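Taking it in order: structure first as structure tokens, then the write-up.
FYI, the numbering just counts along the sequence from 1. The structure displayed is predicted, hence computed values, not measured ones. For the numbers below, each heavy atom of this structure counts, side chains included, while hydrogens, waters and symmetry mates do not. Numbering of ligands and ligand atoms starts at 1, following listing order.
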Amino acid sequence: MTEQTPVNEAAAKPITLPDAQTVTSVKHWTDRLFSFRVTRPQSLRFRSGEFVMIGLMGDNGKPLLRAYSIASPAWDDELEFYSIKVPDGPLTSKLQHIEVGEQIILRPKPVGTLVLDALLPGKRLWFFATGTGIAPFASLMRDPDTYERYEQVIMMHTCRDVAELEYGRQLVEDIRQDEMLAELMGDGFADKLLYYPTTTREESPQMGRITDNLTSGKAFADLGIDGINPEDDRGMVCGSLAFNTDMKTVLEGFGLEEGANSDPKQYVVEKAFVGDGI
Ligand code: FAD
Ligand code: A2P
């Protein structure tokens, strides 16, 4: 005999939004950038580097959703997101005020091209990001699989100002001290991850656009790497449309070809946002 829920008990259940997840922490990095963590739906399986649709209920009672890279790795119990604050942005003008205990909507259908499976095996894996484009790499940098597949992982991140680099800088520092990752990866794991942050508008120890630092050879000289070649090197690109377009030209100049989930090759690209920038 199947059990039936008494009518009065069902009526007492709290009303929940469809696909609602609860915010567990929020951190504001600058007046334009913040990160937050939410509960993870038990059913959600994703590959590090993928994105999902998240959002809030709009004033019209309909969900207001936007694409967001999951910044946490596939093994994490929670989900992390790293977000821009667009002053008049339909979603982020509200999302930037979210607090612990409040709910967001999360559609559990992860997709994306910035996944390890979209690349052929190689020796070195390069992550090239501007601004919030570091989010998918925040996930991949914390995935042991990344270090199992590659001898070296190089994170190049460029922002206008030093303060905008802080999320990535702190993340890399945490990864290098992460006992669980160290245990999984063995001694010397931290040495596999090279970090190359630059600014373009504020004076800092390393400066310049990623594209310029690659074509001039400055990045290679600073990192102690001979260069990028199609046999050894694999790349993932995430930034504005202009950045992605220029990076494709640079990588193809080194002889790399663009791949996809269905056709793995030497590099993959995804937009960090749609639009011309703010
Ligand atoms: P929108 O109306 O969506 O955008 C208004 C304008 O703001 C855009 O035209 C653009 O000029 C600018 N803008 C939007 N997003 C950004 C950004 N991230 N950086 C700089 N300028 C921007 N955004 C994130 O903050 N974090 C992510 O991890 C992220 N992942 C994405 C993954 C994909 C595949 C895509 C397509 C977009 C992603 N975005 C991400 C952008 C995100 O979907 C929204 O555009 C952003 O949250 C702003 O929403 P909005 O409604 O406030 O403004
Ligand atoms: P720059 O300051 O020289 O424009 P934004 O804040 O506009 O999204 O830019 C984020 C970072 O990406 C900035 O450091 C910016 O450098 C850099 N950038 C913007 N467009 C390109 C591009 N086409 N190629 C390389 N870097 C770019």
Polar contacts were defined as any N/O atom of the residue lying under 3.5 Å from an N/O atom of the ligand; does this apply to Tyr82 and ligand 1? yes
Ignoring hydrogens and geometry beyond distance, is a side-chain donor-acceptor pair present between Asp233 and Trp126 at under 3.5 Å? yes
Distance-minimising heavy-atom pair for Arg142 and Trp75: O-NE1, 2.8 Å
Could you check whether Arg149 pairs with Asp143 (Lys NZ or Arg NE/NH1/NH2 to Asp/Glu carboxylate O, under 4.0 Å)? no
If the test is side chain to side chain donor-acceptor pair (under 3.5 Å), which one of Arg40, Lys27, Arg37 qualifies with Glu80? Arg37
Considering distance alone, does some N or O of Thr92 sit under 3.5 Å from an N or O of ligand 1? yes
Are more than 12 heavy atoms, taken from residues, nucleotides or ligands other than Gln177, located less than 6.0 Å from that residue's CD atom? yes
Report yes or no: does Ser204 contribute a side-chain atom to a donor-acceptor pair with the main-chain N or O of Met207 at less than 3.5 Å? no
Record the part of Phe81 in heavy-atom contact with ligand 1 below 4.0 Å; permitted values are side chain, backbone, both and neither. neither
Would you mind listing which atoms of ligand 2 come within a distance below 4.0 Å of any non-hydrogen atom of Cys159? 14 (O)
Nearest-option assignment for atom 4 (O) of ligand 2, heavy atoms, candidates Met247, Arg209, Glu202, Glu164: Arg209
State the atoms of ligand 1, each with its element, that fall below the 4.0 Å cut-off from a heavy-atom position in Lys271. 32 (C), 33 (C), 34 (C), 35 (C)
For atom 8 (C) of ligand 1, tell me which residue out of Leu95, Leu64, Val274 has the closest non-hydrogen atom. Val274
Are Ile104 and Ile98 close enough that some pair of their side-chain heavy atoms sits under 4.5 Å apart? yes
With respect to atom 23 (N) of ligand 2, which of Thr199, Asp246, Leu241 exhibits the smallest heavy-atom separation? Asp246
Arg32, any N or O under 3.5 Å of ligand 2 N or O: no
Purely on distance, is any nitrogen or oxygen of Thr132 under 3.5 Å from one on ligand 1? yes
Is Ala272 near ligand 1, meaning one of its heavy atoms is under 4.0 Å from it? yes
Under 4.0 Å from ligand 1, counting heavy atoms only, is it the side chain of Ala135, its backbone, both or neither? side chain
Enumerate the atoms of ligand 1 whose separation from the nearest heavy atom of Pro90 is less than 4.0 angstrom. 2 (O), 50 (P), 51 (O), 52 (O), 53 (O)
Is the contact between Val86 and ligand 1 made by the side chain, the backbone, both, or neither, using heavy atoms and a 4.0 Å cut-off? side chain
Aromatic ring proximity Phe51/Tyr68, centre distance under 6.0 Å: no
Strictly by modelled atom types, are Gln206 and Thr198 linked by a side-chain donor-acceptor pair under 3.5 Å? no
Give the atom numbers and elements of ligand 2 that come within less than 4.0 Å of a heavy atom of Thr200. 1 (P), 2 (O), 3 (O), 13 (C), 14 (O), 15 (C), 16 (O)
Atoms in ligand 1 flagged as close to Leu91, the criterion being non-hydrogen separation under 4.0 Å: 50 (P), 51 (O), 52 (O)
If you take the nearest heavy atom of each of Thr211, Thr132, Asp161, which one is closest to atom 25 (C) of ligand 2? Thr211
Among Gly55, Gly89, Ser69, closest by heavy atom to atom 28 (O) of ligand 1 is Ser69
Heteroatom proximity flag, Phe273 to ligand 1, N/O under 3.5 Å: no
Less than 4.0 angstrom from a charged side-chain N to a carboxylate O is my criterion; do Glu252 and Lys248 meet it? no
Quick one: which of Ser83, Pro136, Ser139 gives a side-chain contact (heavy atoms from CB on, under 4.5 Å) with Ser69? Pro136
Which bit of Pro136 gets closer than 4.0 Å to ligand 1, counting heavy atoms only: side chain, backbone, both or neither? neither
Specify side chain, backbone, both or neither for Arg160, according to which of its non-hydrogen atoms lie closer than 4.0 Å to ligand 2. both
Do Phe128 and Thr158 come close enough that some side-chain heavy atom pair is under 4.5 Å? no
Ligand 2 to Ser240 polar contact by distance, N or O atoms, under 3.5 Å: no
Tell me whether Glu270 has any N or O atom under 3.5 angstrom from an N or O of ligand 1. no
Basic-acidic side-chain contact under 4.0 Å: Asp178, Arg176: no
Could you list which atoms of ligand 2 come closer than 4.0 Å to a heavy atom of Ala242? 23 (N)
Under 4.0 Å between heavy atoms, the region of Tyr68 that gets near ligand 1 turns out to be both
Mind checking whether Ala67 has an N or O less than 3.5 Å away from an N or O of ligand 1? yes
For Lys218, look at atom NZ and say whether over 12 heavy atoms of other residues, nucleotides or ligands are found less than 6.0 Å away. yes
Exactly one candidate in His28, Gln96, His97 meets side chain to side chain donor-acceptor pair (under 3.5 Å) with Lys85; the answer is His28
Checking heavy atoms under 4.0 Å, the part of Thr158 that sits near ligand 2 is both
Given side chains that start at C-beta, do those of Thr22 and Val38 come closer than 4.5 Å, heavy atoms only? no
